[in-house]
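Working notes for the structure below.
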Amino acid sequence: MREAIVIDNLSKYYNRFLALDNLCLRIEEKENVGLLGPNGAGKSTTLKILCGLLRPSSGAAYIDGINVVERPEQALSRIGTIVETPEFYPFLTPEETLGYLGKLRGMRGEELRRRIEEVIRLVRLEEWHTVMIEKFSRGMKQRLALAQALLHDPPVLILDEPALGLDPRGVVEFREIIEGVGKEKTVFFASHQLVEVAQICKKVAIIDRGRLLAYDDIAQLERKYHSLERAYLELTGDSHE
């Protein structure tokens, strides 16, 4: 099976603070993998390096075999991402926003119009496609963020806390959308919501203080620790003593 994401001995310093410590991880094509860890564990740093927003201090990261640092444009063309809280121009509509972002990605004409219709329908914003974003709730902005991540039909999705701040209905709807698109894509996402991760992902990577503590099928971790929650607490607990 082809590897969609490779993290190879990745380290990252912020001045003297070591955020990632020789992190290694390999994610196969069309796998859905959750990235778990306490606050400050290195989750966002890992995803930002994969998305070209940060440069590693050492090591390398690859998307579909493309080095993110050496060939950022080619690597980034293979991913769709939501990193941190999405913000959009409030005076634009979803259609206008996606049209603008699509053109930035080199999409044009009928292809762009077709994809805008498809992703708006996919994230369930059909009734709002011509409404200015200033009228949107946080949950609707999250849906639009997912629409822009999917617009160019990338094989890899990288999501950082995609359901953060959503109400329970919004969380369920967002999960259903991710589950649907995740059948044909590689999905790598950080979250604190273990239940959501367990419902979307087959595998999880648990990290703390920039180090990989476990990378396994959820079913295997549940057999060993009796629950994903217990696995998470036991694996991350000792490192904070």
Side-chain angles (χ1 to χ4, degrees), residues 4 29-35 44 47 51 76-202 204 218:
E29 194 174 44
K30 295 186 180 179
E31 279 192 330
N32 292 357
V33 177
L35 181 61
S44 291
L47 299 191
C51 296
L76 294 179
S77 71
R78 310 289 292 165
I79 67 172
T81 183
I82 303 174
V83 178
E84 298 182 343
T85 305
E87 290 297 337
F88 302 99
Y89 292 121
F91 50 85
L92 295 181
T93 67
E95 262 187 8
E96 292 167 339
T97 297
L98 294 171
Y100 168 68
L101 294 172
K103 287 173 184 174
L104 287 179
R105 290 182 173 131
M107 302 172 72
R108 294 287 186 274
E110 185 56 36
E111 177 209 10
L112 178 55
R113 284 192 293 274
R114 177 181 57 80
R115 280 302 292 166
I116 289 172
E117 288 182 7
E118 287 176 356
V119 296
I120 282 177
R121 185 168 59 250
L122 182 65
V123 302
R124 305 170 191 174
L125 283 177
E126 299 102 309
E127 296 179 15
W128 298 84
H129 67 108
T130 58
V131 177
M132 284 196 294
I133 293 166
E134 66 182 4
K135 296 182 170 63
F136 279 24
S137 67
R138 179 167 185 160
M140 291 165 68
K141 288 180 182 177
Q142 289 288 97
R143 292 192 201 186
L144 181 56
L146 184 57
Q148 65 79 26
L150 294 167
L151 185 62
H152 56 304
D153 197 21
V156 179
L157 282 180
I158 295 176
L159 311 173
D160 191 5
E161 296 284 358
L164 187 66
L166 300 187
D167 62 26
R169 180 181 293 278
V171 169
V172 171
E173 290 178 348
F174 208 85
R175 181 182 72 224
E176 290 173 349
I177 295 167
I178 296 294
E179 281 180 310
V181 300
K183 292 173 183 174
E184 296 300 323
K185 299 183 185 298
T186 306
V187 180
F188 187 39
F189 79 100
S191 178
H192 285 107
Q193 300 179 5
L194 301 188
V195 173
E196 290 305 304
V197 169
Q199 290 180 305
I200 295 173
C201 298
K202 181 184 176 186
V204 292
I218 291 174

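Worth knowing before you read on, the calculation uses all heavy atoms, side chains too, and leaves out hydrogens, waters and symmetry mates.
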Which atom names give the shortest non-hydrogen contact between [X] and [Y], and what distance separates them?
X      : Y      : answer
Thr93  : Glu96  : N-OE1, 2.9 Å
Ala190 : Asp160 : CB-OD1, 3.7 Å
Cys51  : Ile158 : SG-CG2, 3.9 Å
Ile82  : Phe174 : CD1-CZ, 4.2 Å
Thr186 : Lys30  : OG1-N, 2.8 Å
Ser191 : Val197 : CB-CG2, 3.8 Å

Kindly indicate whether the side chain of [X], heavy atoms from C-beta on, has any atom under 4.5 Å from the side chain of [Y].
X      : Y      : result
Leu98  : Gln148 : yes
Gln142 : Leu146 : no
Val156 : Phe188 : no
Leu47  : Phe189 : no
Ile178 : Leu159 : yes

Taking [X] for its side chain and [Y] for its backbone only, find out whether a donor-acceptor pair lies under 3.5 Å.
X      : Y      : result
Lys202 : Glu31  : no
Glu161 : His192 : yes
Arg175 : Glu196 : no
Arg108 : Lys103 : yes
His152 : Ile79  : yes

So, Glu111 and Arg114, do they make that salt bridge, N to O below 4.0 Å?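 Salt bridge: no.
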Would you call Asp153 and Lys185 a salt bridge, taking side-chain N to carboxylate O under 4.0 Å as the test?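 Yes.
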[X] side, atom [atom1]; [Y] side, atom [atom2] - distance, nearest 0.5 Å:
X      : Y      : atom1 : atom2 : result
Thr97  : His129 : OG1   : NE2   : 13.5 Å
Phe88  : Leu144 : CZ    : CG    : 4.0 Å
Met107 : Arg115 : CE    : CZ    : 6.5 Å
Met140 : Leu125 : CE    : CG    : 6.0 Å
Trp128 : Ile120 : CH2   : CD1   : 13.5 Å
Asn32  : Gln199 : CG    : CD    : 13.0 Å

Has Glu127 got more than 12 heavy atoms of other residues, nucleotides or ligands less than 6.0 Å from its CD?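 No, not enclosed.
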From CA spacing to verdict: side chain to side chain contact (heavy atoms under 4.5 Å, CB included), Glu87, Lys141: CA-CA 7 Å; Glu87 290 297 337; Lys141 288 180 182 177; 4.0 Å; yes
Derivation and outcome, salt bridge (charged side-chain N to carboxylate O under 4.0 Å, His left out), residues Glu110 and Arg113: CA-CA 5 Å; Glu110 185 56 36; Arg113 284 192 293 274; 3.2 Å; yes
